[in-house]
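Count residues from 1 along the sequence. All of these numbers come straight from a predicted model, not from anything done at the bench.
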Amino acid sequence: MRAPAAAELTSWIADNITLNDPAIRYVSNVTGELVTGELVRDPGYWARHMCQTVEFGTGLARVLAEQDLALAEVGPGRSLGALARSHPDCPQSQWPLIVPMLPGATEPQDGSAWLAEAV
């Protein structure tokens, strides 16, 4: 259903956004690998985010291969953290370093207090 909008978004990005090489390494949801300058400078790449399958498991495996890291769940709740803990490449010793940054909809704690505790 989103495919018709992809061409329009690609065109709009090409006409209105200056795309640069990434200044910080991150994993692409489209490929599951570290992004490259060539990839992120392609206006069509950003439209593909709407239409392609999110490579969460592949990307998480790539992230978990790094040493000495903590994972911050940026968004409400704990669902992505739960998925990370269940990933076959996530050792139990990593679990305390998977931190939710905001409460879920049913959590009574204030978001600011939650964020302060997470940090």
Side-chain angles (χ1 to χ4, degrees):
M1 291 175 53
R2 294 183 219 149
E8 184 177 341
L9 179 60
T10 299
S11 178
W12 186 89
I13 290 171
D15 293 342
N16 295 285
I17 304 290
T18 301
L19 299 170
N20 298 303
D21 290 353
I24 298 172
R25 297 180 336 146
Y26 66 94
V27 174
S28 165
N29 280 340
V30 174
T31 66
E33 295 296 329
L34 289 172
V35 296
T36 63
E38 180 181 2
L39 186 67
V40 300
R41 288 189 315 269
D42 172 10
Y45 166 75
W46 299 100
R48 288 193 297 276
H49 274 270
M50 295 188 313
C51 302
Q52 289 184 318
T53 301
V54 172
E55 296 293 338
F56 183 79
T58 304
L60 184 57
R62 176 65 182 88
V63 169
L64 290 169
E66 297 289 323
Q67 299 295 312
D68 301 322
L69 74 142
L71 301 176
E73 182 162 356
V74 181
R78 306 166 188 244
S79 57
L80 294 177
L83 287 173
R85 285 181 189 88
S86 68
H87 193 281
D89 294 342
C90 185
Q92 195 168 0
S93 62
Q94 180 72 35
W95 292 7
L97 298 174
I98 301 171
V99 182
M101 302 303 285
L102 294 169
T106 61
E107 309 272 10
Q109 190 174 10
D110 172 66
S112 298
W114 190 284
L115 179 59
E117 184 178 326
V119 172

Within the 4.5 Å heavy-atom criterion, are T36 and L34 side-chain neighbours or not? no
Atom of L102, atom of G75 and distance for their closest heavy-atom approach: CB-O, 3.7 Å
Starting from V27, can I reach I98 by hopping between I/L/V/M/F/W/Y residues whose side chains sit under 4.5 Å apart? yes
Partners passing side-chain hydrogen bond (donor to acceptor under 3.5 Å, both in side chains) against R2 (at least two apart in sequence or in another chain): none
For Q52, all residues meeting side-chain hydrogen bond (donor to acceptor under 3.5 Å, both in side chains), sequence neighbours excluded: none
For A6 versus A47, what's the shortest heavy-atom pair and its separation? O-CB, 3.4 Å
Given 3.5 Å as the limit, does a donor-acceptor pair link the side chain of S11 with the main chain of E8, or not? no
List for me each residue that meets side-chain contact (heavy atoms from CB on, under 4.5 Å) alongside A14, sequence neighbours excluded, and say none if there are none. P43
Non-hydrogen side-chain atoms of L60 and L71 separated by less than 4.5 Å: yes
Could you list who else is in M1's hydrophobic cluster, with ILVMFWY side chains joined at under 4.5 Å, directly or through other members? none
Partner set under ring-ring contact (aromatic ring centres under 6.0 Å, His included) for H87, not counting sequence neighbours: none
Taking salt bridge (charged side-chain N to carboxylate O under 4.0 Å, His left out) as the definition, give me every residue that meets it alongside D42, ordered by chain and number, with sequence neighbours left out. R48
Hydrophobic clusters join Ile, Leu, Val, Met, Phe, Trp and Tyr when side-chain heavy atoms are under 4.5 Å apart, directly or via other members; which others share one with Y45? L9, W12, I13, I17, L19, Y26, V30, V35, L39, V40, W46, M50
Which residues share a side-chain hydrogen bond (donor to acceptor under 3.5 Å, both in side chains) with R41, sequence neighbours left out: D21
Pairs flagged by side chain to side chain donor-acceptor pair (under 3.5 Å) wherever residues 91-103 is involved - sequence neighbours left out: none
Does the side chain to side chain contact (heavy atoms under 4.5 Å, CB included) test come out yes or no for L69 and V63, once each step is laid out? CA-CA 9 Å; L69 74 142; V63 169; 3.5 Å; yes
For side chain to side chain contact (heavy atoms under 4.5 Å, CB included), just list the numbers for H49 and N29, CA-CA rounded to whole Å, side-chain angles, deciding distance to a tenth of an Å, and then say yes or no. CA-CA 7 Å; H49 274 270; N29 280 340; 4.1 Å; yes
Side-chain donor/acceptor pairs under 3.5 Å, residues 110-119, sequence neighbours excluded:
residue : atom : partner : partner atom : Å
D110    : OD2  : S112    : N            : 3.1
D110    : OD2  : A113    : N            : 3.3
W114    : NE1  : P100    : O            : 3.2

Determine the minimum heavy-atom distance between S86 and L83, stating which atoms define it. OG-O, 2.9 Å
By the salt bridge (charged side-chain N to carboxylate O under 4.0 Å, His left out) test, which pairs, at least two apart or in different chains, include something from residues 63-85? R25-E66, R62-E66, R78-E107
